[in-house]
Colleague: 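Got a structure for you, written out below as C-alpha cells; questions coming shortly.
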Amino acid sequence: MKDRYDVLVVGGGPGGAVAAETAAARGLSVCLVEKRPAIGTPVRCAEGIGREALREFIDPDPAWIAAEIKEASVVAPDGTELVLNAKLAGNKVGCVLERKIFDRELVRRAADAGADIAVKTTATGPVMADGAVRGAHLTGAVPQVGADVVIVADGVESRFARMCGIDTTVPASGMMTCAQYLMTGIDIAPERTVFTVGNTIAPQGYLWIFPKGERTANVGIGISGQKSGPGHRAKDYLDRYVRSHFPDGRSIEFIAGGVPVCRPPPSTTADGLMLVGDAARVVDPFTGGGIYNAMFTGRLAAEVASDCIAHGDLSGKALAAYDKKWRESEMGRSLARNYKLREYFIRQTDDRFNRLIHSAAKIDLDEFSVPELIREFVVRNPALLADLTAFRAALS
Amino acid sequence: MIRIDRTTCCYCGTCVAVCPQAALELVDACLEEQEGCSACGTCAKCCPVGALEVCHEGQV
C-alpha cells in the first residue's frame with residue numbers, strides 16, 4: 001500500500017468495489033479501504049436484484065446466486081395473494097444473491113484490475129487542502145493516504161461525507177428500519193419473491209420472503225423509522241409474523257439494518273469528493289433496493305473521476321458532471337418517480353390495499369418493473385388515476 | 001447520552017445514519033458514542049432491535 005493514489009475508495013460494498021474496478025481498469029492507481037476485517041460480512045441486505053440489472057455489471061455465477069426468481073407476488077393485509085408473472089415464459093426475472101460471496105467476488109475483480117485493497121482499515125476523516133478533499137486519515141499500516149479523488153461508498157452510515165461537510169443525515173421518516181431471519185424448513189414457492197403489505201403487518205413498509213433454496217429464505221421486514229418504537233420495532237413485527245406463518249421454521253441467521261429512502265443530498269460531489277450508493281442515499285425509495293444503484297453510481301463516479309483526472313480538473317464543479325449524469329439517467333429518473341410513489345403508498349389504508357389487490361388474481365407483465373405494475377393496477381382500477389395524476393406523466 | 005445494550009445491538013448502523021449530531025460511530029462492529037449527543041432519541045426510536053436508550057445526565 002502506498003501513501004498516494006489517483007483514487008481512494010472508502011468502503012468495500014458493491015458501490016465501492018465497482019468504482020475501484022472501473023477506475024483501475026482505466027489505468028488509474030486505486031486503493032479501496034474497508035473497515036471490516038472481511039468483505040461482505042455481516043450482511044445487511046435482503047439480497048434481491050433484477051437479473052438484467054445484474055448483468056450490466058457481471059455475469060451471474062452459481063457461486064453467488066442463491067436462487068433464480070421467476071415471479072413475484074404481493075399479499076394484501078387480508079392475506080389475498082396477487083401473483084405477478086413475466087409474460088415471457090421461463091423468464092428468469094431476478095436473483096437472490098449470496099452477498100457474502102458476491103461482494104468478495106466484486107472486490108476480487110477490483111484487485112485483479114489492479115486496485116490495492118486494505119481491509120480492517122477505517123477512513124477516520126478527510127485530508128483537506130484549500131477546502132478540497134485530498135485523501136483520508138486511516139487506521140492501519142499507512143496513517144494517511146493522499147488522493148486526487150475520494151469516492152465515498154461507506155453505506156448507510158455515510159459518516160465520511162458528513163465529516164466533509166455534506167449532510168447525509170437520514171430523518172426518521174426516511175429510514176426503513178429492518179430485521180431479517182434466514183429461515184430454513186419453511187414452505188415457500190422457491191422461485192417466487194413475496195411482498196406483504198399492510199399497516200398492522202409492516203407500517204409504511206413491507207414484509208418480504210426472498211427464497212434462497214427449496215425450503216430456505218430471507219424472511220424480513222422494513223418499517224418506517226417514524227413508526228418504530230418500544231414494543232413495535234422491526235424485530236417485533238417480524239417475530240409476530242414468523243410465529244404465526246412459520247411456527248416450525250428454524251432461523252439460522254439474524255440480521256438488522258437500515259435502508260435510507262430519503263432523497264439524496266442536493267449535491268453528491270464536492271472538491272475532490274464523490275458519494276455513491278447508500279452513502280449517496282440513492283436507494284430506490286419504493287422497493288428499498290440498493291445494489292444496482294450502488295454499482296451504477298460507483299461505475300459512473302469512477303468514469304467521471306478518470307475523465308477529470310485526465311483533464312487535471314478535480315474541482316467540485318468538474319466532478320459535478322457525475323451528479324448531473326446519475327440524476328438524468330434512467331436510474332435517477334426512476335428514483336424521482338418512486339419518491340412520489342412511496343408518498344402515495346404510505347398513505348394507503350389496509351382497506352385500500354385489500355381492494356387494490358382484489359382487483360386481480362394474477363397479472364402478466366410485459367416487463368417486470370414498477371411502472372409496468374402501476375400501469376396494470378390503473379387498468380384494473382381506473383379510479384386510481386385521480387390519485388396518480390402527479391406521476392402519470394412519468395409513466396407515459 | 002445513550003445507553004447501548006451490547007448484548008442486543010446488531011451493529012447495523014441505522015442509528016449512526018439518523019443521528020442529527022453525528023455522535024454515533026460503528027468502529028468495526030462495535031457501536032461507540034462520540035461527543036455531542038443531544039439526547040434527542042432518534043437513534044433509540046429507529047433501532048430495529050431496541051438496543052439503545054436515552055439517558056440523561058446523572059442517570060448513567
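Sequence lines set the chain letters: A, B, ... in the order given, protein chains first and strands last, and positions in each chain run from 1. Computed from a prediction, not measured in an experiment: that's the story for all the values here.
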Colleague: Among residues 30-38 of chain B, which residues come closer than 4.5 Å to chain A, judged by heavy atom distances?
Modeller: none
Colleague: Under 4.5 Å, counting heavy-atom pairs only, tell me which of A:Gly225, A:Gly155, A:Cys262 racks up the most with chain B.
Modeller: A:Gly225
Colleague: If you count heavy-atom pairs within less than 4.5 Å of chain A, which of B:Asp28, B:Val27, B:Leu24, B:Thr42 leads?
Modeller: B:Asp28
Colleague: Taking salt bridge (charged side-chain N to carboxylate O under 4.0 Å, His left out) as the test, write out the residues that go with A:Arg99, two or more places apart.
Modeller: A:Asp103
Colleague: Name the member of A:Met176, A:Lys227, A:Gln226 that forms the most heavy-atom pairs with chain B at distances under 4.5 Å.
Modeller: A:Gln226
Colleague: Would you say that more than 12 heavy atoms from the other residues, nucleotides or ligands in this model lie under 6.0 Å from the CZ of A:Arg104, or not?
Modeller: no
Colleague: Can you tell me which of A:Gly258, A:Ser228, A:Pro230, A:Ala234 forms the most heavy-atom pairs within a distance under 4.5 Å of chain B?
Modeller: A:Ser228
Colleague: What part of B:Leu26 lies closer than 4.5 angstrom to a heavy atom of chain A: side chain, backbone, both or neither?
Modeller: both
Colleague: Is it the case that over 12 heavy atoms from other parts of the model lie below 6.0 angstrom from the OH atom of A:Tyr206?
Modeller: yes
Colleague: Under 4.5 Å, counting heavy-atom pairs only, tell me which of A:Gly229, A:Ala256, A:Pro260 racks up the most with chain B.
Modeller: A:Ala256
Colleague: What pairs with A:Lys212 under salt bridge (charged side-chain N to carboxylate O under 4.0 Å, His left out), at least two apart in sequence or on another chain?
Modeller: A:Glu47, A:Glu98
Colleague: Give me the atom names and distance for the closest heavy-atom approach of A:Arg159 to B:Val16.
Modeller: CD-CG1, 3.5 Å
Colleague: Under a 4.5 Å heavy-atom cut-off, does chain B meet the side chain of A:Tyr237, its backbone, both or neither?
Modeller: neither
Colleague: Could you tell me which portion of B:Cys47 (side chain, backbone, both or neither) has an atom closer than 4.5 angstrom to a non-hydrogen atom of chain A?
Modeller: both
Colleague: Please tabulate, for the side chains in residues 164-175 of chain A, all donor-acceptor contacts under 3.5 angstrom to protein atoms that are two or more places apart in sequence or on a different chain.
Modeller:
residue: A:Asp167; atom: OD1; partner: A:Thr169; partner atom: N; Å: 3.0
residue: A:Asp167; atom: OD1; partner: A:Thr169; partner atom: OG1; Å: 2.5
residue: A:Thr168; atom: OG1; partner: A:Ser158; partner atom: O; Å: 3.2
residue: A:Thr168; atom: OG1; partner: A:Ser158; partner atom: OG; Å: 3.0
residue: A:Thr169; atom: OG1; partner: A:Arg162; partner atom: NE; Å: 3.4
residue: A:Thr169; atom: OG1; partner: A:Arg162; partner atom: NH2; Å: 2.7

Colleague: For residues B:Thr14 and A:Gly257, report the shortest heavy-atom separation together with the two atoms involved.
Modeller: OG1-C, 3.2 Å
Colleague: Measuring heavy-atom distances to chain A, does B:Cys10 have an atom under 4.5 Å in its side chain, in its backbone, in both, or in neither?
Modeller: side chain
